[in-house]
Amino acid sequence: MPVARPETSDARVIAHVDMDCFYVQVEQRKQPELRGLPTAVVQYNEWQGGGLIAVSYEARKCGVKRSMRGDEAKAACPEIQLVQVPVARGKADLNLYRSAGSEVVSILAKSGKCERASIDEVYLDLTDAAESMLADAPPESLELMDKEVLKSHILGISRKDGDDFEESVRDWLCRKDADRRDKLLSCGIIIVSDLRKQVLKETEFTCSAGIAHNKMLAKLASGMNKPAQQIVVPYAAVQELLSSLPIKKMKQLGGKLGTSLQTDLGVDTVGDLLQFSETKLQEHNGSNTGTWLWNISRGISGEEVQGRLLPKSHGSGKTFPGPRALKSLSNVQHWLNQLSEELSERLSSDLEQNKRIASTLTLHASAFKSRDSDSHKKFPSKSCPLRFGVTKIQEDAFNLFHAALREYMGPFGSKPQGNKQETWRITGLSVSASKIVDIPSGTSSIMRYFQSQSTVPSRSVDGCVQDHVVTPSASEGCSEQISTETQAAVIPEEDTGVTYTLPNFETPDKDVDLVSEKVSALSSHYSKAYNKPFLEV
DNA sequence: CATTGCTGGAAC
DNA sequence: GTTCCAGCA
């Protein structure tokens with residue numbers, strides 16, 4: 001992310017909207033009796049009461065923190081309500097929170113350019129809306145100001161004057177001698193206050209927001225007063241804000257990069273960066289990161305709000321910690337089947353709701369070797385063209401795993417060397433789908449085809465959690481060329497005469513038009529995705 | 001090798 | 001294409 005981008009010439013109005021302890025709010029909406037109680041959302045609960053992933057502000061008051069175990073939270077706050085995330089196919093199912101996040105996005109997206117930054121965070125570019133308001137109905141012209149607007153925070157204006165504070169906010173918003181930048185931000189405050197009100201009304205969720213001239217400052221601000229509050233960062237307040245800000249509070253500097261700035265350059269606050277020349281920062285951090293650091297220390301960040309309302313990838317994963325580590329291929333296959341099922345379900349939803357489809361399937365795993373010195377070796381990731389349909393994804397995921405496992409184990413495979421059996425343990429598996437493209441418009445039958453592929457087949461074999469010997473056939477049939485060719489059907493394309501091989505294409509019906517439509521849609525889809533014909537023969 | 005399960009982005 | 005980093009529920 002640290003990549004240099006200069007500020008654009010004209011002042012923008014950018015908002016960052018962040019839902020308050022989002023998963024807790026989602027659960028409290030479902031179970032309103034939990035509202036106002038110290039509440040946390042936990043994943044699983046068998047081992048030490050599960051892991052906390054979201055904590056209400058009531059619970060935070062008694063010292064409950066995210067990443068605590070459920071048992072710890074109970075000890076710190078005996079009256080805490082622990083809600084479990086739903087489980088499906090033996091793993092945490094986050095779909096409830098994903099769709100709640102989508103509700104919020106679809107409300108906020110009406111206001112202007114909108115970027116879904118995470119499941120519960122959104123950036124808005126409100127420049128146009130603010131300019132319109134400034135031209136048509138500037139704050140100073142308003143007879144009555146919404147009461148919520150006056151609860152806004154203004155960085156640089158003291159808040160402790162309790163009673164007349166709201167009056168000072170009104171004064172600031174309506175100053176006639178303010179410069180244009182401040183006036184635009186004032187409009188931003190009113191717009192965002194209204195949006196937050198709308199979100200609350202339509203979803204029952206509260207959120208906090210930061211309003212500033214760029215994404216970095218808006219994001220920084222949204223976290224300063226939570227929950228259910230908003231704050232603006234006027235241009236005049238930027239220097240002071242950054243000068244004393246601990247470097248680790250900045251997005252992107254909370255990890256190793258921030259640590260290296262502290263230890264290598266003695267930089268503790270963003271202001272400390274100001275004394276270094278751009279060249280010096282580049283020498284220590286590379287040219288992109290160096291320029292980026294030079295800019296952000298001055299509050300400069302030209303990153304644009306991407307008009308993107310949907311995620312760029314889908315993933316489904318699970319860890320197998322400690323003694324739960326997987327040690328047989330059939331157990332790995334079982335879990336890959338579960339993960340692939342969930343992934344496939346989400347791909348089907350994406351297709352149905354958004355008319356788009358992923359084109360790459362990737363498998364990630366983490367592993368260690370027992371009884372071996374270099375047990376720290378990374379388990380390689382593998383990807384292949386994505387074929388739509390549960391069983392295909394399951395098949396490909398397993399083949400990718402197999403290819404990666406061979407690489408991980410080296411040329412001798414799992415053959416015993418001497419007496420000791422060199423055995424692998426899998427501690428994490430995930431399958432993900434990326435490079436999502438829109439389905440060409442005017443092809444509804446391709447959708448019907450994909451949808452016909454997306455049914456979960458009923459299988460009796462599926463409950464094989466216990467380890468057992470793997471059949472030889474399961475270990476064969478995969479190499480560099482994954483399995484895509486084995487069941488391929490070759491379909492000639494009418495116009496060009498070029499022939500494509502479509503993996504596992506069963507031509508389920510005799511409708512010629514339907515088939516050719518599938519082919520042209522698929523081939524253009526894959527041509528775009530891979531910049532070459534898909535598996536040309 | 002007990003936070004876990006996601007996302008996005010840049011480096012390589 | 002793969003790896004690593006980072007952030008956040």
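Here is the naming used below: chain letters follow the sequence lines, and residue numbers restart at 1 for every chain.
Salt-bridge formation is not detected for the pair A:R12/A:E304: no Lys NZ or Arg NE/NH1/NH2 atom is positioned less than 4.0 Å from an Asp or Glu carboxylate oxygen. Between A:E303 and A:K215 there is a salt bridge, with a side-chain nitrogen of the basic residue lying less than 4.0 Å from a carboxylate oxygen of the acidic one.
For A:R324, no side-chain nitrogen or oxygen approaches OP1 or OP2 of B:dC1 to under 4.0 Å. Within the structure, a side-chain polar atom (N or O) of A:N288 is placed less than 4.0 Å from OP1 or OP2 of B:dA11. The phosphate of B:dT3 has neither OP1 nor OP2 within less than 4.0 Å of any side-chain N or O from A:K65. Under 4.0 angstrom from either OP1 or OP2 of B:dT4 there lies no side-chain N or O belonging to A:S67. Taking side-chain N and O atoms only, A:K312 has a distance below 4.0 Å to OP1 or OP2 of B:dG9.
A:L52 places its CG atom 13 Å from the P atom of B:dT4, with the value rounded to the nearest Å. When rounded to the nearest whole Å, the span between CG of A:D93 and C1' of B:dC6 equals 12 Å. A straight line from CD of A:Q306 to C1' of B:dT7 spans 15 Å, rounded to a whole angstrom. Here B:dG5 presents its P atom at 9 Å from CG of A:L339, a figure rounded to the nearest Å. The NE2-P distance, from A:H314 to B:dG5, rounds to 19 Å in whole Å. For the pair A:K435 NZ and B:dT7 C1', the interatomic distance rounds to 17 Å; values are reported in whole Å. For A:L310 and B:dT7, the CG to C1' distance is 14 Å, given to the nearest whole Å. One interatomic measurement links the two molecules: CD of A:Q338 to C1' of B:dG5, which rounds to 17 Å at whole-angstrom precision.
Considering only side-chain atoms of A:V3, the nucleotide from B:dA10, B:dA2, B:dC6 that sits closest is B:dA10. When distances are taken from the side chain of A:R308 to each of B:dA2, B:dC6, B:dG8, the shortest belongs to B:dG8.
Ring pair A:F22/A:F205: centre-to-centre distance below 6.0 Å. Centroid-to-centroid, the aromatic rings of A:W424 and A:F379 stay 6.0 Å apart or farther.
Looking only at distances, no side-chain donor or acceptor of A:K113 sits under 3.5 Å from a matching main-chain atom of A:L126. Remark: the backbone N or O of A:G271 is not paired with any side-chain donor or acceptor of A:S297 at under 3.5 angstrom.
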- Which letters describe nucleotides 2-9 of chain C, given B = protein heavy atom under 4.0 Å from base, S = only from sugar-phosphate, - = neither? SSSSSSBB

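A:L37 approaches A:Q28 most closely through the heavy-atom pair O-NE2, 3.8 Å.
Taking the nucleotide of DNA chain B with the nearest heavy atom to each of A:G51 and A:T289, the more 5' of the two is matched to A:G51. In this structure, A:G317 and A:W47 both approach DNA chain B, and ranking their closest nucleotides by distance from the 5' end singles out A:W47.
Cation-pi geometry between A:K369 and A:Y408 is satisfied (NZ or CZ under 6.0 Å from the ring centre, within 45° of the ring normal).
If you take atom P in C:dA9 and the same atom in B:dA2, they sit 25 Å apart, rounded to whole Å. Separating the P atom of B:dC1 from that of C:dC4 is a span of 14 Å, rounded to the nearest Å.
Among the atoms of the strands shown, only primed sugar atoms or phosphate atoms (P, OP1, OP2) are found under 4.0 Å from some heavy atom of A:Y44.
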